[in-house]
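Below is one structure, written out as structure tokens; comments come after it.
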Amino acid sequence: MLNKPEDYKWTQEDILREYEELHIEKSVARKYCITVKEVKKILKNNERKSS
């Protein structure tokens, strides 16, 4: 019998912090079980807020 998959809660800040450490979108996406497209969207939104 397998364990039930857990639905991890994450925030955009978690994604940004992880990207600052790794600088690899694909690795961040795998870690948080999201697509690279979603990671890029979060990074792009952060750039707009910073400006």
Side-chain angles (χ1 to χ4, degrees):
M1 183 180 275
L2 297 174
N3 294 334
K4 292 182 182 179
E6 293 185 29
D7 187 25
Y8 293 107
K9 303 292 181 190
W10 51 267
T11 63
Q12 290 186 358
E13 288 78 24
D14 295 334
I15 302 296
L16 295 170
R17 189 178 327 109
E18 195 69 31
Y19 182 75
E20 286 177 12
E21 290 178 19
L22 298 175
H23 298 288
I24 303 171
E25 296 163 350
K26 194 171 186 178
S27 295
V28 175
R30 282 187 191 153
K31 182 171 183 176
Y32 289 97
C33 299
I34 60 176
T35 64
V36 174
K37 184 177 181 178
E38 290 173 302
V39 173
K40 288 181 181 182
K41 184 177 179 182
I42 291 169
L43 295 173
K44 190 173 183 179
N45 287 339
N46 185 52
E47 288 177 4
R48 288 182 187 166
K49 290 179 183 178
S50 298
S51 299

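In what follows, residues are counted from 1 in the order of the sequence shown.
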ILVMFWY network linking L22 to Y19, side-chain heavy atoms under 4.5 angstrom: yes
Quick one: list whatever passes side chain to side chain donor-acceptor pair (under 3.5 Å) with D14, sequence neighbours left out. T11, R17
Not counting sequence neighbours, list each pair that qualifies as a side chain to side chain donor-acceptor pair (under 3.5 Å) and has a residue in residues 21-30. none
Mind listing the side-chain donor-acceptor pairs of residues 37-44 below 3.5 Å, one per line with the distance, residues two or more places apart or on another chain?
| residue | atom | partner | partner atom | Å |
| --- | --- | --- | --- | --- |
| E38 | OE1 | T35 | N | 2.8 |
| E38 | OE1 | T35 | OG1 | 3.3 |

Kindly indicate whether the side chain of V28, heavy atoms from C-beta on, has any atom under 4.5 Å from the side chain of V36. no
From N45 atom CG to Q12 atom CD, the distance as rounded to the nearest 0.5 Å: 6.0 Å
Y8: hydrophobic cluster co-members (side-chain, 4.5 Å): none
